[in-house]
Number of protein chains: 10
Amino acid sequence: MLFHVHMLVDIPLDLDKTYVEELKAKEKALSQDLQRQGKWTHIWRIAGQYANISIFNVASAGELHDILLSLPLYPFMQVEVTALCQHYSSVKNEEDAH
Amino acid sequence: MLFHVHMLVDIPLDLDKTYVEELKAKEKALSQDLQRQGKWTHIWRIAGQYANISIFNVASAGELHDILLSLPLYPFMQVEVTALCQHYSSVKNEEDAH
Amino acid sequence: MLFHVHMLVDIPLDLDKTYVEELKAKEKALSQDLQRQGKWTHIWRIAGQYANISIFNVASAGELHDILLSLPLYPFMQVEVTALCQHYSSVKNEEDAH
Amino acid sequence: MLFHVHMLVDIPLDLDKTYVEELKAKEKALSQDLQRQGKWTHIWRIAGQYANISIFNVASAGELHDILLSLPLYPFMQVEVTALCQHYSSVKNEEDAH
Amino acid sequence: MLFHVHMLVDIPLDLDKTYVEELKAKEKALSQDLQRQGKWTHIWRIAGQYANISIFNVASAGELHDILLSLPLYPFMQVEVTALCQHYSSVKNEEDAH
Amino acid sequence: MLFHVHMLVDIPLDLDKTYVEELKAKEKALSQDLQRQGKWTHIWRIAGQYANISIFNVASAGELHDILLSLPLYPFMQVEVTALCQHYSSVKNEEDAH
Amino acid sequence: MLFHVHMLVDIPLDLDKTYVEELKAKEKALSQDLQRQGKWTHIWRIAGQYANISIFNVASAGELHDILLSLPLYPFMQVEVTALCQHYSSVKNEEDAH
Amino acid sequence: MLFHVHMLVDIPLDLDKTYVEELKAKEKALSQDLQRQGKWTHIWRIAGQYANISIFNVASAGELHDILLSLPLYPFMQVEVTALCQHYSSVKNEEDAH
Amino acid sequence: MLFHVHMLVDIPLDLDKTYVEELKAKEKALSQDLQRQGKWTHIWRIAGQYANISIFNVASAGELHDILLSLPLYPFMQVEVTALCQHYSSVKNEEDAH
Amino acid sequence: MLFHVHMLVDIPLDLDKTYVEELKAKEKALSQDLQRQGKWTHIWRIAGQYANISIFNVASAGELHDILLSLPLYPFMQVEVTALCQHYSSVKNEEDAH
């Protein structure tokens, strides 16, 4: 199952800086681990914003939900999920290749 | 340069069916040609809608504009473009690999 | 996979009445067939609107997309799809029971 | 009477964790009690969000209002209610069966 | 059951004037009949708009839906329904008195 | 003059509970006094929300403004006012009867 | 009673040009007549748009409604009405002077 | 140059009451001074809201900007500016007369 | 006076192609004439859209209005105007240099 | 690459005034440095708002992102980026001249 996820991050300005850096480091490590597993197949920064657009390739909406809620920065995110499917013009099987 | 493009297609119901099929065939051929050139790196269908989310990897916003306006179905589309850049958590260089 | 689908129907007023009745009859027959198969698990009318809220239980977003596009009234619909998953407070497995 | 209810939960990040867990446990218990009574007939998680879509089957809008305001997490919710009715394509009586 | 209904009417400018006058006359007659039955308890014009705000007092959302769809001008309306209930500050029982 | 008023109340969660109860009691008393004077002719709860829809029958927009600002809960409200007038289909004079 | 009215005019491009000019001439004449009567106290063009912002000083919302519906271009307008009242910082009585 | 300005004021509830009264008194004095100079030609209260609609007649957008930022309540305002011009139906020169 | 203008062009698909090309040629000639006069100081295409963002440097909002309404494609445009002024961080006088 | 950037600044009212002045001074110095380098080619104030519209001419969306995030006031900004390209009606090459 392919999902398009838009994550907008808004960390309160008065949060402890060291704590925020720890959260970001954990977020990056977990994100990269999920990318290497092939579950988080793309992540792009939206120019000028503390926001990303990501593609997930997971077994179900439930697995996607569990992954998103496990993200260290999730409590500071607004998340929008869009279910994707294979486009008949695509030259590749998007679930198999990225 | 990476761009996220959302295309929503709305073909008038009274348009000649044969003409529409021709447009769709040309659209598909051009899309696949651009995918093979590595300029249109992804295209996904949004579930339940006559709409797609695409990623383009082109030299400039001008090249993107020319490509989009050359699409046979462009006159029937609403298009939104978002400029993307490399995310510091990404495990790959998104401009080089897809 | 569970999906929440909002369908808003807007049939042009000048469409031939007999043709519209035929489309509605086919739509109803197909909907009921899919309900009996357990793929279209619920359909409710939104009070006062020519719109419904439906729940689908299908194998994938792709199957959902194919079903929706096969509906006779699809060309007259605006469709919004939301991916659902099991809620930890639910007393039943929503994918198995309805 | 059938109602579609969208609940979006936003618990302040600085609320005491133990208190929040107590509220969630009470919320779950009350929700399950109402589900077993047949008043809260469905609850689904929206993938990626701390939000649910629920169906209630109650005697009146007044009963729905009283139930919603009795929820321990209600003070942290944004709630939208939509009145539903039987769809002429439905194969079951939605007020009787679920 | 009390419902707040917002009706916005948009009759195409090229519709036959006589036909439109007939529809309006039928709409008025039906509206007044329903008002006298106590089902359509209030109707106000929104200043400057071809729109009204109405209050209905009916047995169910299904009855409301059937009434609204029976209105001669319904095909030209955008309708929004809001479920109301007794307010604890109200000095009268809104379902009984108007 | 008839006005439709939508009041959405949002009392901060950390406000003193006793103070809030006092405000609500004063609000109710003032509302009922204005209802008995025939100035606040209707008040309904919107199902599921801490919000009401009200009808006022006052001498002018200025009188309405003064009444609304005198409400003890006004500082916590978002208020939207819509000017109403007699509908030609109404069976009663809405300014005289309610 | 003072009202702020926003009128957005959208005349179909295929309407007969002579007919449109006649409508505009009648609209202007009626507007100027109402201005001279002191009922339509101000009219400004919004820069770049076929839209105006106007102030009306009339006896009631009903009178405003009747005036607006009598405008020759009303069938092509989207109208929004906002009820105004005297501001405590104003140096003049807005209902008396303009 | 004529400008339409919509000011929505939202003063935090926990601000010192005496300080707020001082700000309001200064705001009123400055507003009335600018009205007497003919720069702030109108100010109306929007019924039911802590908001006003104003007309300014100033030499340039820059002068308008400086005036607005000098208002004691500006830090608590959301401001929207619309550039106006003479309407061809107006019976007076709006820049000269008010 | 500096103005930011967003123009979105939507030419009906069934308009005569030759006529449209004539309109576009006239639009381009007039735009370039106004650019050379220093009144239309910038025009950029928004990537992927039949829309532009322009900067005008004119004597008044009235002059801007007259220019915009004189554009051959104006009847097919949605136009939004924003009044600009000198920014205190700017290294140049934007009204004098471009 | 040309980008249109809309920056809306919202500095919390309780932030230390001296600190804010320092941030603004640094912001101005950095902005002017980037303007002199030809990367931040225009900055205009939106009349009446603490907001600006800017044009950037940079090598890539990545460079734009890095510049925006380096701004001292970035943590207090809402930023929207729009990719621009040469308009076929423009009399100058917007990437070379400003």
Side-chain angles (χ1 to χ4, degrees), chain B residues 1-9 30-31 34-35 37-44 46 51-98, chain J residues 1-9 30-31 34-35 37-44 46 51-98:
Chain B
M1 288 287 306
L2 294 162
F3 292 98
H4 178 277
V5 181
H6 178 279
M7 305 182 207
L8 179 64
V9 187
L30 180 49
S31 168
L34 288 160
Q35 287 177 65
Q37 291 177 46
K39 289 174 193 263
W40 192 333
T41 56
H42 296 282
I43 178 167
W44 299 277
I46 296 177
N52 71 70
I53 286 172
S54 291
I55 306 293
F56 285 83
N57 188 2
V58 290
S60 68
E63 186 184 1
L64 176 69
H65 189 76
D66 293 343
I67 286 175
L68 292 171
L69 266 80
S70 75
L71 298 179
L73 293 175
Y74 183 81
F76 311 106
M77 287 182 188
Q78 277 189 297
V79 172
E80 277 176 70
V81 170
T82 307
L84 301 178
C85 46
Q86 180 74 15
H87 194 286
Y88 82 117
S89 292
S90 181
V91 296
K92 60 190 163 192
N93 181 325
E94 282 281 354
E95 294 211 4
D96 293 341
H98 20 268
Chain J
M1 288 286 305
L2 293 162
F3 293 98
H4 178 277
V5 181
H6 178 280
M7 305 183 207
L8 179 64
V9 187
L30 179 50
S31 168
L34 289 160
Q35 288 176 65
Q37 291 177 46
K39 289 173 193 265
W40 192 333
T41 56
H42 296 282
I43 178 167
W44 299 278
I46 296 177
N52 70 72
I53 286 173
S54 291
I55 306 293
F56 286 82
N57 188 1
V58 290
S60 68
E63 186 184 1
L64 176 69
H65 189 75
D66 292 343
I67 286 174
L68 291 171
L69 266 80
S70 74
L71 297 179
L73 293 175
Y74 183 80
F76 310 106
M77 287 182 187
Q78 277 190 296
V79 172
E80 277 177 70
V81 170
T82 306
L84 301 177
C85 46
Q86 180 73 15
H87 194 285
Y88 81 117
S89 292
S90 181
V91 296
K92 59 190 164 193
N93 181 325
E94 281 281 354
E95 294 211 4
D96 293 343
H98 18 270

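Every chain is numbered from 1 and lettered A, B, ... according to where its sequence line falls, protein lines coming before strand lines.
Interface remark: J/L84 contributes backbone atoms only to the contact with chain B (heavy atom separation under 4.5 Å).
Heavy atoms of other residues, nucleotides or ligands lying less than 6.0 angstrom from CD of J/Q37 number more than 12.
Counting all heavy atoms, side chain and backbone alike, J/M1 lies closest to B/A61 at SD-N, 3.6 Å.
Note on B/C85, B/G62, B/A83: by heavy-atom pairs under 4.5 Å with chain J, the leading option is B/C85.
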